[in-house]
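Since the structure comes first, as structure tokens, the remarks are kept for the end.
Given the structure is predicted, the values throughout are model-derived calculations rather than measurements.
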Amino acid sequence: MPFKFESYLISHTGISGDNVKELTSSLVEKNISKGTFIFREGEICQHAFFVEKGLLRVYTIDENGKEHIIQFSPENWFFSDRSSLYFNEPSMYFVEAIEDSLVVFLPKNFFEFNTPDVLARFNDRLLNNHIRHMQKRITMLLGASAEQRYLDFVHMYPDLMLRVPQWMIASYLGITPEGLSRVRKALARQHGFNN
């Protein structure tokens, strides 16, 4: 039983414990070993996901074989490939556990069937928050300096600095690992930034 997910729903939606237990009784949670893929490019994403424990990354691989990390999903994060899930399109993404993880698999209609209105409103907030973050991410990648992108990463993922290899952070930022090293040194010099 996804106990942490139940607690999350109660604290973020105000739904009663009994209702949450009913909503989550048929959900599946899986232990995902480090290095295991939840789904890969070309597959149809069948679920939304909630990370109870661990850390996942969502990435693409370009025609030259280079990885581009789109997002990280640490504890208490929802994620999915909405294009694949809701439009039945082959996914463009790989989703891989970068730590041993415990993940709740949510059916596509989890927020729709037999649920209180408050849960539907919560789903709207999740979707709008996701859109807001993606818009900001696009804007940062197109127009922000590497230093600004790094500071935004630290703000977005404050606890990942010691959990994620530097090359993955560089991939997320759209710079080389050497470029990331220069950014961190420059920020440390200029602002006494603790990196």
Would you check if [X] and [Y] make a side-chain contact, meaning some heavy-atom pair closer than 4.5 Å?
X    : Y    : answer
S171 : Y59  : no
P177 : L180 : no
F79  : F72  : no
I98  : M168 : yes
L27  : P107 : yes
L173 : L141 : no
E6   : K21  : yes
E52  : E75  : no

Quick one: do Q135 and I138 satisfy side-chain contact (heavy atoms from CB on, under 4.5 Å)? Show the steps, please.
CA-CA 5 Å; Q135 287 176 329; I138 291 166; 5.8 Å; no

Distance in Å, [X] [atom1] paired with [Y] [atom2], rounded so as to fall on 0.5 Å steps:
X    : Y    : atom1 : atom2 : result
I38  : D81  : CD1   : CG    : 12.5 Å
I169 : R149 : CD1   : CZ    : 13.5 Å
Y150 : H155 : OH    : NE2   : 14.5 Å
F153 : M161 : CZ    : CE    : 5.5 Å
M156 : D152 : CE    : CG    : 6.0 Å
K66  : T60  : NZ    : OG1   : 10.5 Å

How close do [X] and [Y] get, heavy atom to heavy atom, and via which atoms?
X    : Y    : answer
V183 : E147 : CG1-CA, 3.9 Å
S80  : L85  : OG-CD2, 3.5 Å
R40  : F37  : NH2-CD1, 3.2 Å
S84  : C45  : OG-N, 2.7 Å

Ignoring hydrogens and angles, state whether a donor on the side chain of [X] or [Y] is under 3.5 Å from an acceptor on the partner side chain.
X    : Y    : answer
S91  : E89  : no
R184 : Q166 : yes
N128 : R125 : no

With no hydrogens and no angle check, is any side-chain donor or acceptor of [X] less than 3.5 Å from a backbone partner on [Y]?
X    : Y    : value
Q148 : S145 : yes
S101 : A97  : no
S33  : T36  : no

Hydrophobic clusters here meaning ILVMFWY residues chained together by side-chain heavy-atom distances under 4.5 Å, can you tell me if [X] and [Y] are in one?
X    : Y    : value
L126 : I70  : no
V104 : L102 : no
W167 : F94  : yes
F122 : L106 : yes
L160 : V51  : no

Assess the residue pair E29 and F49 against the criterion (side-chain contact (heavy atoms from CB on, under 4.5 Å)); give the C-alpha distance rounded to whole Å, side-chain angles, the decisive distance to 0.1 Å, and a yes or no.
CA-CA 9 Å; E29 64 179 357; F49 307 91; over 6 Å; no

Would R82 pass as a cation-pi partner of Y86, given that its NZ or CZ must be under 6.0 Å from the six-membered ring centre and within 45 degrees of the axis?
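Not flagged: R82 not positioned over aromatic ring of Y86.
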
Distance under 6.0 Å and angle within 45° of the ring axis: does R57 meet both against Y172?
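Cation-pi check for R57 and Y172: fails.
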
Check against side-chain contact (heavy atoms from CB on, under 4.5 Å), D62 and H68
CA-CA 8 Å; D62 68 23; H68 302 275; 2.8 Å; yes

Is there a side-chain contact (heavy atoms from CB on, under 4.5 Å) between H130 and H133? Walk through the geometry before answering.
CA-CA 5 Å; H130 176 74; H133 285 302; 5.9 Å; no

Report the relative orientation of the aromatic rings in H47 and F105; use parallel for angles under 30°, tilted for 30 to 60°, perpendicular for over 60°.
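It falls in the perpendicular class, over 60°.
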
What class does the angle between the rings of F5 and F110 fall in, given that below 30° is parallel, 30 to 60° is tilted and above 60° is perpendicular?
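Tilted, since the angle between the ring planes falls between 30° and 60°.
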
side-chain contact (heavy atoms from CB on, under 4.5 Å) partner of E99, chosen from L55, I32, L56, V164
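Output: one option passes, namely L55.
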
Report yes if the distance between the aromatic ring centroids of Y8 and F50 is under 6.0 Å, otherwise no.
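Yes: the rings meet the under 6.0 Å criterion.
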
